[in-house]
Amino acid sequence: MLHPRARTMLLLAIPALIIGVASSLVLIVVMKVASVLQAMLWTALPTKLGVNADSPAWIVVMLTLTGIAVGLVIRFSPGHAGPDPAQEPLIGAPVPPSALPGLLIALIIGLAGGVSLGPEHPIMAVNIGLAVFLGSRILPRVGALDWTILASAGTIGALFGTPVAAALIFSQTLSSNNDVPLWDKLFAPLMAAAAGALTTSLFFHPHFSLSLPHYGQMQIADIFSGAIVVAIAIALGMVAVWCLPRLHRLMHKLKHPVLVLGAGGLILGILGAIGGTVTLFKGLDEMQQLAFSQVFSVSDYFLFAVIKLAALVVAAACGFRGGRIFPVVFVGVALGLMLHEHVDAVPAAITISCSILGLVLVVTRDAWLSLFMAAVVVPDSTLFPLLCIVMLPAWLLLAGKPMMMAWRNDK
């Protein structure tokens with residue numbers, strides 16, 4: 001009863017579901033273990049020692065020790081805990097299975113220790129590596145690229161708790177032709193993304209959205225305001241793009257990973273002591289603190305944005321295992337709140353969403369993902385036309401500009 005095209009799509013349906021569920025379970029286990037370790041390091045241990053966990057001394061010590069620990073893992077684990085994320089895109093080539101345990105350990109230590117990176121890049125690498133390694137042995141007729149697509153789609157669905165982001169990303173990467181319609185190619189990745197999102201929702205709900213005053217009807221002036229905010233965010237992000245490869249080259253002159261990451265941890269500790277604990281960790285929970293707090297001023301928000309962005313650059317340049325999307329969303333929230341406090345005539349919904357759009361676009365160069373992150377943090381449907389409009393000059397500003405990656409010949 002089914003057309004041959006439908007049978008072809010169903011061929012990968014079960015593997016897609018399995019990969020989506022497995023991708024989410026890997027993320028859940030890592031986040032739970034990191035959360036328990038974080039509670040031990042930042043709550044139980046300082047309480048036992050009679051130390052204030054928010055004190056500058058504790059922050060500097062914890063981040064320095066975290067850097068040394070991650071450096072030891074990278075130095076002595078097989079495959080050096082995977083490739084350097086500063087030199088890799090979000091979806092990269094499969095990592096050898098021998099490097100995956102070290103990569104997971106380095107990620108967990110970094111997340112728990114307060115490093116300003118998210119889990120997305122290492123989790124993506126682990127899930128792709130496992131899917132390609134196991135899938136090629138169970139179904140050898142399916143190519144490595146197909147397993148990579150399914151694992152990355154499942155991971156994206158798990159990370160954001162919805163298959164929408166995967167649909168947007170793969171709609172531009174999976175080119176269509178007259179023989180194979182786009183939705184035929186999207187069928188299996190969306191199955192994996194949906195399975196990953198549903199599995200994640202059973203255990204915890206990624207809390208991206210902020211509670212902000214509702215944005216009313218769009219005005220012409222709001223378009224100009226949004227475009228200016230996006231331009232400011234892009235300018236700030238491009239400073240980080242310029243700094244990352246140069247700092248990466250400078251830090252790696254130390255050669256030994258323990259020295260590189262130990263020095264990087266010390267710098268992160270100093271930055272954290274200046275910005276406070278709100279500028280530590282991946283930034284997802286911390287951005288909620290920014291939005292709900294009523295005590296921060298314009299200068300506070302500016303400090304948080306600059307410190308977090310600097311910590312992101314340092315962490316990435318030193319080789320900490322982690323992703324850049326989650327912390328840059330925190331930077332966008334801090335920048336947006338600062339601009340709203342500075343010019344309160346511009347609604348916070350515009351300043352925050354446009355700041356996130358500009359910064360995520362700088363980091364990922366993915367217009368769909370940038371729109372998605374802006375819309376999911378500020379979930380207001382009346383904003384979406386404005387975001388689509390301001391995306392156009394933003395894309396023009398970034399055309400031909402360098403990516404936020406370290407140079408491949410850095411050693």
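Legend: residues meeting side chain to side chain contact (heavy atoms under 4.5 Å, CB included) with Thr382, ordered by chain and number and at least two apart, are His214, Tyr215, Asp380. Among residues two or more places apart in sequence or in another chain, the side chain to side chain contact (heavy atoms under 4.5 Å, CB included) test is passed with Ala194 by Pro163. For Ser23, there are no side-chain hydrogen bond (donor to acceptor under 3.5 Å, both in side chains) partners, not counting sequence neighbours. A search for side-chain hydrogen bond (donor to acceptor under 3.5 Å, both in side chains) contacts involving Thr200 returns Ser24, not counting sequence neighbours. Checked against salt bridge (Lys or Arg N to Asp or Glu O under 4.0 Å), Glu88 has the following partners two or more places apart in sequence or in another chain: Arg408. For Ser355, there are no side-chain hydrogen bond (donor to acceptor under 3.5 Å, both in side chains) partners at least two apart in sequence or on another chain. Partners of Ala240 by side chain to side chain contact (heavy atoms under 4.5 Å, CB included), not counting sequence neighbours, listed by chain and number: Leu309, Val313, Met404. For Phe302, the ring pair (Phe, Tyr, Trp, His ring centres under 6.0 Å) test picks out no residue, with sequence neighbours left out. Qualifying side-chain hydrogen bond (donor to acceptor under 3.5 Å, both in side chains) partners for Ser299, counting only residues two or more places apart in sequence or in other chains: Ser297. With sequence neighbours left out, the side chain to side chain contact (heavy atoms under 4.5 Å, CB included) criterion links Pro393 to no other residue.
Side chain of Ser370 to backbone of Leu361: a donor-acceptor contact under 3.5 angstrom is found. Under a 3.5 Å cut-off, the side chain of Arg321 and the backbone N or O of Gly319 do form a donor-acceptor pair. Counting only distance, with no hydrogens or angles, the side chain of Glu286 and the backbone of Gly283 share a donor-acceptor pair below 3.5 Å. At least one donor-acceptor pair closer than 3.5 Å links the side chain of Arg365 to the backbone N or O of Pro402. Checked by atom type and distance alone, the side chain of Ser152 pairs as donor or acceptor with a backbone atom of Ile149 at under 3.5 Å. With hydrogens and angles ignored, the 3.5 Å screen pairs a side-chain donor or acceptor of Ser201 with a backbone N or O of Leu198. A donor-acceptor pair under 3.5 Å is formed between the side chain of His80 and the backbone N or O of Ile74.
Screening residues 367-392 for ring pair (Phe, Tyr, Trp, His ring centres under 6.0 Å), with sequence neighbours left out, gives Phe160-Phe372.
Across Leu369, Ile169, Val164, a single residue satisfies side-chain contact (heavy atoms from CB on, under 4.5 Å) together with Ile156, and that is Ile169.
Pro89 approaches Met405 most closely through the heavy-atom pair N-CE, 4.0 Å. Across every non-hydrogen atom of Asp300 and Val295, the tightest pair is OD2-O, 4.1 Å. The two atoms that bring Ala316 and Leu244 nearest to each other are CB-CD1, 3.9 Å, heavy atoms only. Smallest separation of non-hydrogen atoms from Ala291 and Leu210: CB-CD2, 3.9 Å. Of all heavy-atom pairs spanning Ile19 and Ala131, the tightest one is CD1-CB, 4.3 Å. Of all the heavy atoms in Ala13 and Phe187, the pair that sits closest is CB-CE2, 4.4 Å.
Between Leu150 and Pro189, some side-chain heavy-atom pair lies under the 4.5 Å cut-off. The shortest distance between side-chain heavy atoms of Trp42 and Leu280 falls below 4.5 Å. Taking the side chain as every heavy atom from C-beta outward, Ile274 and Leu303 approach each other to under 4.5 Å. Side-chain contact between Lys401 and Val241 is absent, with no heavy-atom pair separated by less than 4.5 Å. Inter-residue side-chain proximity for Leu139 and Pro15 is flagged as met; some heavy-atom pair is nearer than 4.5 Å. When side chains are defined from C-beta on, Asp84 counts as touching His248, because their heavy atoms get closer than 4.5 Å. Between Phe296 and Met338 the shortest side-chain heavy-atom distance does not fall below 4.5 Å. With contacts defined as side-chain heavy-atom distances shorter than 4.5 Å, the pair Thr155/Glu120 does not qualify.
Taking a 6.0 Å sphere around CE of Met403, one finds it holds more than 12 heavy atoms contributed by other residues, nucleotides or ligands. Atom CG of Leu202 has more than 12 neighbouring heavy atoms from other residues, nucleotides or ligands inside a 6.0 Å radius.
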Listing, residues 49-59 side-chain donor-acceptor contacts under 3.5 Å, not counting sequence neighbours, or none:
from  : atom 1 : to     : atom 2 : distance (Å)
Asn52 : OD1    : Asp54  : N      : 3.0
Asp54 : OD1    : Thr277 : OG1    : 3.4
Ser55 : OG     : Asn52  : O      : 2.7
Ser55 : OG     : Trp58  : N      : 3.4

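To the nearest 0.5 Å, atom CD1 of residue Ile109 and atom CG of residue Leu104 are 11.0 Å apart. Rounding to the nearest 0.5 Å gives a distance of 9.5 Å between CD1 of Ile350 and CE of Met218. With rounding to the nearest 0.5 Å, the separation of CD1 in Ile228 from OG1 in Thr351 is 12.5 Å. For the atom pair Arg249 CZ and Leu247 CG, the distance stands at 11.0 Å (nearest 0.5 Å). Considering CG of Leu17 and CE of Met191, their distance stands at 4.0 Å, rounded to 0.5 Å. Note: Ile91 CD1 to Thr148 OG1 = 9.0 Å, rounded to the nearest 0.5 Å.
No cation-pi contact links Lys282 to Phe326, judged by a cut-off of 6.0 Å to the six-membered ring centre and 45° from its axis.
Between Tyr301 and Phe304, the two ring planes are perpendicular [angle over 60°; tilted spans 30° to 60°].
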Given the rule in the side-chain contact (heavy atoms from CB on, under 4.5 Å) test, do Leu63 and Leu271 qualify, once you have shown the distances and angles that lead to the verdict?
CA-CA 10 Å; Leu63 267 298; Leu271 290 171; over 6 Å; no
side-chain contact (heavy atoms from CB on, under 4.5 Å) evaluation trace for Val333 with Ile356:
CA-CA 7 Å; Val333 172; Ile356 292 171; 4.0 Å; yes
Checking side-chain contact (heavy atoms from CB on, under 4.5 Å) for the pair Thr364/Arg324: CA distance, chi angles, key distance, verdict?
CA-CA 9 Å; Thr364 65; Arg324 300 189 282 271; over 6 Å; no
Pair Leu387-Cys354, side-chain contact (heavy atoms from CB on, under 4.5 Å): steps then yes or no:
CA-CA 7 Å; Leu387 293 174; Cys354 291; 4.1 Å; yes
